[in-house]
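Just below is one structure, and these are the notes that go with it.
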Number of protein chains: 4
Amino acid sequence: MASGEGSGEGGGAKPRTAAPTRRRASKEPADRRREILEAALVVFAEAGFAGARMQDVASRAGVAKGTLYLYFEDKEALFEGLVRQAIDPVLGRLEREFADFPGSTRAFLSVSFAHLANEAVHSPRRHIVRLMLGEGERFPEIAGFYYREVVSRGLGLLRAINARALERGEISSDAGLRFPQLLIAPLLVATVWEGLFQRHEALDVQGMLEAHAEITLRGLGWKEP
Amino acid sequence: MASGEGSGEGGGAKPRTAAPTRRRASKEPADRRREILEAALVVFAEAGFAGARMQDVASRAGVAKGTLYLYFEDKEALFEGLVRQAIDPVLGRLEREFADFPGSTRAFLSVSFAHLANEAVHSPRRHIVRLMLGEGERFPEIAGFYYREVVSRGLGLLRAINARALERGEISSDAGLRFPQLLIAPLLVATVWEGLFQRHEALDVQGMLEAHAEITLRGLGWKEP
Amino acid sequence: MASGEGSGEGGGAKPRTAAPTRRRASKEPADRRREILEAALVVFAEAGFAGARMQDVASRAGVAKGTLYLYFEDKEALFEGLVRQAIDPVLGRLEREFADFPGSTRAFLSVSFAHLANEAVHSPRRHIVRLMLGEGERFPEIAGFYYREVVSRGLGLLRAINARALERGEISSDAGLRFPQLLIAPLLVATVWEGLFQRHEALDVQGMLEAHAEITLRGLGWKEP
Amino acid sequence: MASGEGSGEGGGAKPRTAAPTRRRASKEPADRRREILEAALVVFAEAGFAGARMQDVASRAGVAKGTLYLYFEDKEALFEGLVRQAIDPVLGRLEREFADFPGSTRAFLSVSFAHLANEAVHSPRRHIVRLMLGEGERFPEIAGFYYREVVSRGLGLLRAINARALERGEISSDAGLRFPQLLIAPLLVATVWEGLFQRHEALDVQGMLEAHAEITLRGLGWKEP
DNA sequence: TATGAATGAGGCTTCATTCAT
DNA sequence: AATGAATGAAGCCTCATTCAT
């Protein structure tokens, strides 16, 4: 229970002798900012928006509480910054890879899902998804941002995949084109399962996603090109 | 008042304070309890655990703050009571229906998904799912309870459905038996979509679940019996 | 920590089936009142005025919370009643015994101190003294009452004892006449020691009071009559 | 929006609240700590532990409520700090003086009692004694601390005084050696009297302690060396 | 730019008191 | 007369935010 952070009686101990800060390598502001966001990701993910304490973010980032406010207007701006910064990389790469991918749709999906399985279980970004699930409804602006930057782009990519596969005659059903959500739904399950039920029943994410690909491709009328 | 000392003489008397009252139409304790839980569901769903205020729960339930504590030890117990009471009905019905269902697996799934689509979008219980997603990791005990009462039973039912279909020769793949999570994954998406992205892009839940059933059955090697 | 009293979640358990009260032998109101005061003595002594809970007093007295208010205006009146009722007996007896006592002053003191030693350690009234010490300053009215009914009478008795002894030539100093407080001071120590330091160092109250009598009598110039 | 849900759109933003500020002349933490303890002594002495309000301590110390918690874990730690800091000085001085005292035991007692009479009536430390009497039983740890730091040392000093006096042949009885409590008992009375009964009957503390010394020395068989 | 002591609004919880039964 | 569910003021404590250094 004890916050571990607080003063615990001993303020008396001459804080005059302060000053020899831990880190200090004349760091770029941008680095500092990133460190804060990384710390915030962990803390917000662990405790949710309301439950997260600025002090904990600061401690984990190795800065003083006040420093946070030099980089972010307030707690909410920090949350927003958190979501903003953590979403770029994966999708961009997939979009580019898709444009250039020479092989079959099956092969592309196989590669993509392997990527994403890893994201869903190991990447710190997985917390972002859980944060959006838990807090998104209370932050419509951030939810909107997330929709634009991640969801709609992701679904767009999936639609493109389906469209090309249809065009090429690799699949015969347009169900995936109409409901691309069906394709990433299992990833949501995987992301959530880890935190909630892993201790009760382990989930073989890799295996599940392979099964998912298999079922879905066959279900969409896959025909080897 | 004088030197900041206070009363000194007769003031020693009245320590704490009194409390007037307004009475409400008498009601069964069980009703009262249910009202509180209903109010709590709304408030917790809106604000999350840490963000929810007991005062708001009380106001919405039409009782005084203190009354909550006559029915629940503390905020956490209220949250637990919330999850406990809201999970029973649906699953029990499906389990019973499955045991007695005379038609094909396809028909059963069709009926079940219609039920669940409704649950996922319109029932107040849908908030429970979102609460579990957002807060479950911080309440392992409640997550465990939810796993036992809902998740494992639900997956068990799905496994039974798959097993019977295989046995009957309706499907040929055991992928659904091994990863029943794949079958409900779209429901999770539907539940979450409503709160987060509905305003940006409407989702036809009914249509999506039909597409899901179609894809999945075909993908599992469905053969009309 | 758990108050043991509270509702603990379970209000739901049909309190309709209530009614079969524990005690119920059609008791006299005076008895009921006394029971409440006895319970209050214990509870107030244990927790102090502010720390004592009406609920605890009620439980210990075997009545409902509301019943307390049929016998006492409020918490403070209960406290006052407590002090009032618990002080009579001892002093009255000593005063009467003194008037009739045939033996020497030494003998009378010996008997009295034996009485008082018992009071100070075993009687429930000993708590009254501690309550007065701890809370008296905040309840000047009660302190005044206690002064009139106990302190001044007690000191009066001690003065009378000294006066008679001087008159009889049993002692030669009037110090005890001028400061009768000196005679009961050790009793205060004994009363307080029990609760605070007994576990650290046992105190032989009987022995201490005997030593006190011996020293004091000799110190006052005792001469066997 | 719809069915009494609440804000819905932009309201999700501002969760908690902000906080303006007024700054105080900067001060050493140790000073601040001492100020708080001084304020606490007054407030706790007036109201007892349960009755004291942290807000009152803060106001009297000239700081904000929250500041108290920078210096003390919680209310109990503040109480403990209070007792801890207020006990040192007097005893240490007496112990040293005793070791070096050239004169007779009678002379030493005379000096000591004069000191203590002052303490008992005028020093702010007198409140500590009353707090211990009233609340000590509920804080065994603090009572234990008080026993070790004050009571046992004080009694030890008194035993040493008696032992030396016996050895020197100044007194003949070992009663004071066996029950040193008898020697300070009147001080307890003096300390308590002030707060409770002074308004009803003034007590000449100085005179009483002189009488006490006289009686006791004679009672112990004093013989001018 | 960075710090962290200080602030004070606000949350959870307790409990004296009331009053319908 | 007795009950105990209900009330709501008030207390302890937390923590986002500020600002003097």
Original post:
What nucleotide among E:dT7, F:dG8, E:dT3 has an atom nearest to a side-chain atom of D:L70?
Top reply: E:dT7
Subject >> Nearest to side-chain heavy atoms of B:M54, which nucleotide of F:dA6, F:dA16, E:dT13 >> reply: E:dT13
Distance, rounded to the nearest Å, where [X] contributes [atom1] and [N] contributes [atom2]:
X: A:D31; N: E:dT1; atom1: CG; atom2: P; result: 15 Å
X: B:I36; N: F:dA5; atom1: CD1; atom2: C1'; result: 11 Å
X: A:K75; N: F:dT17; atom1: NZ; atom2: P; result: 8 Å
X: D:F79; N: F:dC12; atom1: CZ; atom2: P; result: 14 Å
X: D:E76; N: F:dG11; atom1: CD; atom2: P; result: 19 Å
X: B:Y71; N: E:dT13; atom1: OH; atom2: C1'; result: 18 Å
X: A:Q55; N: F:dT17; atom1: CD; atom2: C1'; result: 13 Å

Subject >> Whichever of B:T67 and C:L68 has its nearest DNA chain F nucleotide further upstream toward 5' >> reply: C:L68
Subject >> Toward the 5' end of DNA chain F, by each residue's nearest nucleotide, A:G66 or D:R53 >> reply: D:R53
Phosphate contact ([N] OP1 or OP2) by [X] side-chain N/O below 4.0 Å:
X: A:R32; N: E:dA2; value: yes
X: D:Y69; N: F:dC15; value: no
X: C:K65; N: F:dG4; value: no

**OP:** Just call it for A:F72: base, sugar-phosphate, or nothing, with non-hydrogen atoms closer than 4.0 Å on any strand.
**Re:** nothing
**OP:** Looking at every strand, decide which applies to A:A52 at a 4.0 Å heavy-atom threshold: base, sugar-phosphate, or nothing.
**Re:** sugar-phosphate
Measure the shortest side-chain to side-chain distance between [X] and [Y] over non-hydrogen atoms and say whether it is less than 4.5 angstrom.
X: D:E80; Y: D:F145; answer: no
X: D:L131; Y: D:V83; answer: no
X: A:V42; Y: A:E46; answer: yes
X: C:L70; Y: C:V63; answer: no

Subject >> Under 3.5 Å on both distances, the Watson-Crick or G-U partner of F:dC13 >> reply: E:dG10
**OP:** Sort out the partner of E:dT21 for me: Watson-Crick or G-U wobble, both distances under 3.5 Å, none otherwise.
**Re:** F:dA2
**OP:** Please work out whether the ring planes of D:F79 and D:F44 are parallel, tilted or perpendicular, with thresholds of 30° and 60°.
**Re:** parallel
